[in-house]
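Order of the sequence lines fixes the chain letters, A, B, ..., with proteins taken first and strands second; residue numbering starts at 1 for each chain. All heavy atoms count here, side chains included; hydrogens, waters and symmetry mates do not.
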There are 2 protein chains.
Amino acid sequence: MLDIAILGLLMERDHHGYELRVQLRDRLGLSSNVSFGSIYPALARLERHGSVETVIAADGRLTALSTGSLSGERATLRSRRSAPGLGRRGRKVYRITERGRQEFARLLADPSTVDNGRNFSLRMALARYLTPALRVTLLDRRRGALLERLAELRAGTQVSDLDSYARAVMEHGARAIEFEIAWVDELLAHERINDEQDSYAGDAG
Amino acid sequence: MLDIAILGLLMERDHHGYELRVQLRDRLGLSSNVSFGSIYPALARLERHGSVETVIAADGRLTALSTGSLSGERATLRSRRSAPGLGRRGRKVYRITERGRQEFARLLADPSTVDNGRNFSLRMALARYLTPALRVTLLDRRRGALLERLAELRAGTQVSDLDSYARAVMEHGARAIEFEIAWVDELLAHERINDEQDSYAGDAG
DNA sequence: GGTCGATTATATCACGTCGATATATCGACG
DNA sequence: CGTCGATATATCGACGTGATATAATCGACC
């Protein structure tokens, strides 16, 4: 889960661990503050796998934060008295590799684990990296999973069997699913509109 | 998480592991099919802790297994042909202990981990075991957590910074939170109505 | 000008949950 | 008779979480 999210952020520019957490929340909508106990093991995993590489920031400030991939700067080394020249508590900046880009494309397009809401939202937030066809596939899968879950919910214990609180939870659950189906439909409609625009612009038939 | 859910189900009647999974979904709304890799360790944990005890059904067949304080009268004998529900393969039936009941009450009333949607829904589904005052506390806490998350979402990276897909995910996230706040408000209103009814009919018993 | 708390930052731990898998029993269907 | 699908228990590795430790730097206040 985190792998794809981290790779997605690194597609845009380099990041260090702490910053990734903020971006995970603000740009990918991962529920408030993913634990460092997830992020650092994930980074270690990705590095072991050759999907990312570290670019140790030699100076304390700046680093790759503002300039993105362009990193020709050989910065002013401030004299540090201890440890290898890591500024501000050794900051490790991570960069995606070619292998990582391929892995990212593979993970993103894989529609197998879309029955989980988080996985779906995550992939949608990164959907600009997908082809239109794959986007539609993803949305269709999610729609199917939601319909299935809704049917399952309605087919479960009959409502009369539950007390009013359990019933309220079930009914809210059903409404929430319908709410998300409506969203998915909206997104699908959007994809169709884009298709039409493409066929006007690109295909004169 | 599972502990409280399992204890909640066992408050009503005894269950064996496999059945718990179905009930977790159908009565407590836990997202489709909790893994056995969660259920069995949870049961072992609870047993170790003295919150539940096992009542082995020695014979694979039927075994009214005596308990069923509630299900006793009804569970006599159903037509034994295609009726689902009674197992083969040495079945371990779990029963809640007095210690378990106390533990359940303690866990249910604890409002500390209500920032997670699942924990909240779970506690709401079991809210009939709470006093009205504790129900309101729970709802207020959840409301606060949702407002906080909404503010955080709105305060994050400004929308113009995101591509249309990431933006769509963020906006849906915000709407989903508002949707749940509306639900919580509904539930709070209900609690107030019940309060009023109590004060009118309180001594009519 | 010194300390204090907040923020930035990396890392590790125990624990819980998940998904996959192994194993076994029974009823139904052919 | 075999095997398929549902019932049923159990374990495994992988992953995410929350708590905690460590540490440097920054701004604020006195």
Side-chain angles (χ1 to χ4, degrees), chain A residues 1-6 15-25 30-49 54 56-57 59-63 65 78 80-94 107 112-113 115-119 122, chain B residues 1-6 15-24 30-49 54 56-57 59-63 79-94 107 112-113 115-119 122:
Chain A
M1 211 278 289
L2 259 195
D3 293 33
I4 191 172
I6 289 173
H15 288 285
H16 54 91
Y18 190 85
E19 204 194 358
L20 279 170
R21 185 161 81 148
V22 178
Q23 301 276 309
L24 251 20
R25 162 162 55 72
L30 291 201
S31 52
S32 25
N33 290 338
V34 175
S35 163
F36 287 123
S38 309
I39 291 174
Y40 291 112
L43 284 169
R45 204 158 62 224
L46 288 168
E47 191 172 13
R48 209 163 51 236
H49 189 266
T54 45
I56 308 233
D59 64 317
R61 298 180 76 59
L62 247 260
T63 61
L65 290 175
R78 292 216 306 196
R80 309 217 61 70
R81 53 168 177 166
S82 70
L86 298 180
R88 260 200 103 116
R89 180 64 195 269
R91 203 179 192 183
K92 263 155 105 181
V93 174
Y94 293 87
L107 287 171
S112 64
T113 51
D115 48 354
N116 175 300
R118 256 163 74 149
N119 284 332
L122 178 56
Chain B
M1 211 279 288
L2 260 195
D3 294 32
I4 189 171
I6 290 174
H15 288 286
H16 54 91
Y18 190 86
E19 204 192 358
L20 279 170
R21 183 161 81 149
V22 178
Q23 300 276 309
L24 252 20
L30 292 200
S31 52
S32 29
N33 290 337
V34 174
S35 165
F36 287 122
S38 308
I39 291 174
Y40 290 113
L43 285 169
R45 207 158 61 223
L46 288 168
E47 192 173 12
R48 210 162 51 235
H49 189 267
T54 45
I56 309 235
D59 184 30
R61 305 191 79 71
L62 220 310
T63 62
S79 65
R80 230 25 24 233
R81 257 184 313 247
S82 59
L86 277 257
R88 326 67 184 109
R89 173 77 189 269
R91 227 157 150 217
K92 262 157 109 182
V93 175
Y94 293 86
L107 287 172
S112 65
T113 50
D115 49 354
N116 176 301
R118 264 176 52 164
N119 285 331
L122 177 56

| query | With a 4.0 Å cut-off on heavy atoms, is A/R21 in touch with a base, just the backbone sugar-phosphate, or nothing at all? | reply | nothing
Separation of D/dC15 atom P from A/H49 atom NE2, nearest Å, is 11 Å
*Residue pair B/L24, B/L2: steps toward the side-chain contact (heavy atoms from CB on, under 4.5 Å) verdict*: CA-CA 9 Å; B/L24 252 20; B/L2 260 195; 3.9 Å; yes
Here the distance between atom C1' of C/dT17 and atom CE of A/M1, to the nearest Å, is 13 Å
In short, A/I39 meets A/G17 closest at the heavy-atom pair CG2-O, 4.1 Å
Review point. Looking for any heavy atom pair under 4.0 Å, which part of the strands does B/G17 touch: base, sugar-phosphate only, or nothing?
Key: sugar-phosphate
To the nearest angstrom, the OH-P distance between B/Y40 and D/dC12 comes to 16 Å
To the nearest angstrom, the CZ-C1' distance between A/F36 and D/dA21 comes to 14 Å
On a heavy-atom basis, the closest approach of A/Y18 and A/Y40 is N-OH, 3.7 Å
Winner on side-chain proximity to A/V34, out of D/dA10, D/dT17, C/dA9, is D/dT17
Ranking D/dA10, D/dG16, C/dT17 by distance to the side chain of B/Y94, first place goes to D/dA10
Rounded to whole Å, CG of A/L30 lies from P of D/dT17 at a distance of 8 Å
Between CZ of A/R118 and P of C/dT17 the distance, given in whole Å, is 15 Å
B/R48 atom CZ is separated from C/dC15 atom P, nearest whole Å, by 10 Å
*So what does A/I39 hit on the nucleic acid, given a heavy-atom distance under 4.0 Å: a base, only sugar-phosphate, or nothing?*
nothing
Of all heavy-atom pairs linking A/Y94 and A/E47, the shortest is CE2-OE1, 4.2 Å
Taking C/dA11, D/dT17, C/dT17 as options, the one with an atom nearest any side-chain atom of A/K92 is C/dA11
Here the distance between atom P of D/dA8 and atom CD of B/E19, to the nearest Å, is 8 Å
By the Watson-Crick or G-U definition, both distances under 3.5 Å, C/dA6 is matched with D/dT25
Note: for A/Y18 and B/S35 on DNA chain C, the residue whose nearest nucleotide lies more 5' is A/Y18
Closest non-hydrogen contact found for A/N33 with A/R25 is OD1-NE, 3.1 Å
Closest to the side chain of A/H16, out of C/dC18, D/dG16, C/dA9, is C/dA9
